[in-house]
Amino acid sequence: MPSFFSNKKLIILLVSIIILVALIGYSRTDREQITGPEQVIRDAVGWVQTIFTKPAYAIAGFFENVRDIQHIYEENRLLKARLDEYAQISVERNLLRNENNTLRDMVDLDESLNDYLMRSAVVIHRNPDRWNKYIGLNRGSEHGIQSNMAVIDSKGGLIGKVKTVSEFSSRIQLLSDNDRTNRVSAMISMDQPEYGFIEGYDEDLGLLIMRKIDLAAEIEEEQMVVTSGKGGVYPSGLLLGEIVRVEPDEYGLTQNAYIRPTADFFALDYVYIIERTSTSLDPALLEEEPS
């Protein structure tokens with residue numbers, strides 16, 4: 001039987017394994033500099049990787065560019081369609097505006113429920129305890145602000161009205177305040193507008209509640225709701241939101257609509273105070289006659 005040490009191939013294999021393990025252990029230690037052989041191996045491997053990765057990245061980039069071009073083409077097609085739609089709406093709006101001005105001149109009308117002035121303001125105060133009820137603005141009576149003026153956010157959505165005014169600041173009651181007196185006369189934009197009142201805010205759902213809608217009215221989701229201008233406080237046409245659900249009231253006599261507000265009551269920084277310029281009914285005429 002041949003001796004173990006006479007098998008030169010086995011000895012060379014074992015020695016090679018020992019050297020390899022030693023090199024691996026040595027290379028895994030924390031060192032600031034690497035040895036010459038390690039540098040040669042790394043450079044060689046890096047060079048080979050470079051040769052193969054450049055074509056791979058080029059091919060991947062080509063297919064990615066093709067996908068991007070397809071997406072850009074689709075987006076461009078949709079944007080062109082939107083532009084055509086906006087152009088048509090703009091033309092119709094101008095025609096209606098001219099027609100409206102002509103009709104007003106014919107009947108000698110000097111004002112409309114849509115007439116108002118805007119003043120910009122900054123939110124300077126918000127109480128954490130009344131986050132959904134009030135905000136404070138940096139405009140007051142010195143800037144022409146009065147109680148019951150409407151306030152909208154930067155997107156045009158109605159957020160509330162001026163509740164109290166000091167010389168240089170004012171306090172705004174938000175629509176999300178569930179005060180019973182916090183009501184807005186509103187209408188649903190459709191061929192034959194339907195009217196009702198914004199009375200209440202569902203804090204769990206984040207939705208305004210429009211009540212007293214005619215039970216026979218065919219109300220659908222995604223219809224827009226705006227101020228009617230007939231409540232004496234808000235001008236007509238201010239955005240309130242979009243209908244997301246309609247249901248009969250608790251007595252089955254009218255309908256209630258749940259509205260997703262256009263305004264974000266939780267993120268208010270810059271707003272506009274709206275001064276209604278059309279005539280409002282004298283408050284004295286609203287008082288009940290003595291029985």
Side-chain angles (χ1 to χ4, degrees), residues 89 92-93 96-97 99-100 103-104 107 109-116 147-153 155-163 173-202 205-263 265 274-289:
I89 293 175
E92 293 177 354
R93 182 199 63 185
L96 290 173
R97 178 181 294 175
E99 182 180 355
N100 184 57
L103 292 173
R104 290 176 63 180
V107 297
L109 287 176
D110 295 328
E111 62 181 34
S112 166
L113 292 177
N114 299 86
D115 295 337
Y116 57 83
S147 297
N148 287 332
M149 284 186 176
V151 182
I152 62 176
D153 68 356
K155 297 183 293 185
L158 183 65
I159 64 172
K161 65 182 178 181
V162 178
K163 190 68 173 178
Q173 183 182 32
L174 301 176
L175 294 180
S176 51
D177 181 10
N178 277 313
D179 185 350
R180 293 180 60 185
T181 62
N182 191 21
R183 305 199 309 173
V184 181
S185 177
M187 66 178 179
I188 302 171
S189 296
M190 45 196 305
D191 293 338
Q192 293 294 330
E194 293 293 337
Y195 296 88
F197 294 91
I198 302 296
E199 296 180 340
Y201 177 76
D202 191 315
L205 300 176
L207 302 176
L208 297 169
I209 305 174
M210 183 176 180
R211 306 183 189 275
K212 297 182 175 63
I213 305 172
D214 188 353
L215 188 62
E218 297 182 358
I219 309 301
E220 299 179 358
E221 296 180 2
E222 298 184 358
Q223 290 179 322
M224 296 302 298
V225 180
V226 298
T227 55
S228 68
K230 298 181 179 180
V233 175
Y234 305 99
S236 175
L238 300 181
L239 290 174
L240 285 164
E242 179 183 80
I243 295 177
V244 297
R245 191 173 82 239
V246 181
E247 60 185 27
D249 69 358
E250 56 183 339
Y251 303 108
L253 301 177
T254 59
Q255 296 184 82
N256 294 337
Y258 288 82
I259 302 167
R260 181 183 295 109
T262 301
F265 300 121
I274 303 299
E275 178 182 357
R276 172 175 166 150
T277 57
S278 56
T279 304
S280 297
L281 191 65
D282 189 334
L285 299 178
L286 299 175
E287 296 179 0
E288 294 183 359
E289 296 181 0

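Here, residue 1 is the first one in the sequence, and each next residue gets the next number.
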Would I259 and L207 satisfy side chain to side chain contact (heavy atoms under 4.5 Å, CB included), going step by step from the backbone distance to the final call? CA-CA 5 Å; I259 302 167; L207 302 176; 5.9 Å; no
Heavy atoms of S189 and V226 approach each other most closely as OG-CG2, 4.0 Å
Supply the atom-to-atom distance I209 CD1 to E247 CD, rounded to the nearest 0.5 angstrom. 8.5 Å
Inter-residue atom distance M224.CE - R260.CZ, 0.5 Å rounding: 10.5 Å
Taking all non-hydrogen atoms of both residues into account, name the closest pair between A150 and L238 and its distance. CB-CD1, 4.0 Å
Between I213 and A257, the two heavy atoms sitting closest are CD1-CB, 3.7 Å
Side-chain donor-acceptor pair under 3.5 Å between S236 and S228, yes or no? no
Spatial distance of atom CZ (F197) from atom OG (S185) [nearest 0.5 Å]: 5.0 Å
With salt bridge (Lys or Arg N to Asp or Glu O under 4.0 Å) as the test, would you mind laying out the steps for E199 and K212 before giving the verdict? CA-CA 9 Å; E199 296 180 340; K212 297 182 175 63; 3.2 Å; yes
Is the backbone of G206 close enough, under 3.5 Å, to the side chain of D202 for a donor and an acceptor to pair up by distance? no
May I ask you to decide if N256's main-chain N or O and D249's side chain share a donor-acceptor pair within less than 3.5 Å? no
Under the 3.5 angstrom rule, does the side chain of T254 hit a backbone N or O of L215 as a donor-acceptor pair? no
Q255 side-chain N/O to A217 backbone N/O, donor-acceptor pair under 3.5 Å: yes
Find the distance between CZ (R211) and CZ (R183) and round it off to the nearest 0.5 Å. 11.0 Å
What residues, two or more places apart in sequence or in another chain, satisfy ring pair (Phe, Tyr, Trp, His ring centres under 6.0 Å) together with Y258? none
Backbone N/O of K161 and side chain of Q173: donor-acceptor pair under 3.5 Å: no
Rounded to the nearest 0.5 Å, what's the gap from CZ on F265 to CG on D153? Could you check? 8.5 Å
Checking side-chain contact (heavy atoms from CB on, under 4.5 Å) between V151 and each of L175, V162, L158, which is the one that passes? V162
Tell me whether K155 contacts the main-chain N or O of A263 through its side chain, where contact means a donor paired with an acceptor under 3.5 Å. no
Quick check for you: to the nearest 0.5 Å, what is the distance between T227 atom OG1 and I274 atom CD1? 9.5 Å
If I compare all heavy atoms of E194 with all of I219, which pair ends up nearest, and what's the gap? CG-CD1, 3.9 Å
Take I159 and I152, measure what side chain to side chain contact (heavy atoms under 4.5 Å, CB included) needs, and give me the verdict at the end. CA-CA 5 Å; I159 64 172; I152 62 176; 5.9 Å; no
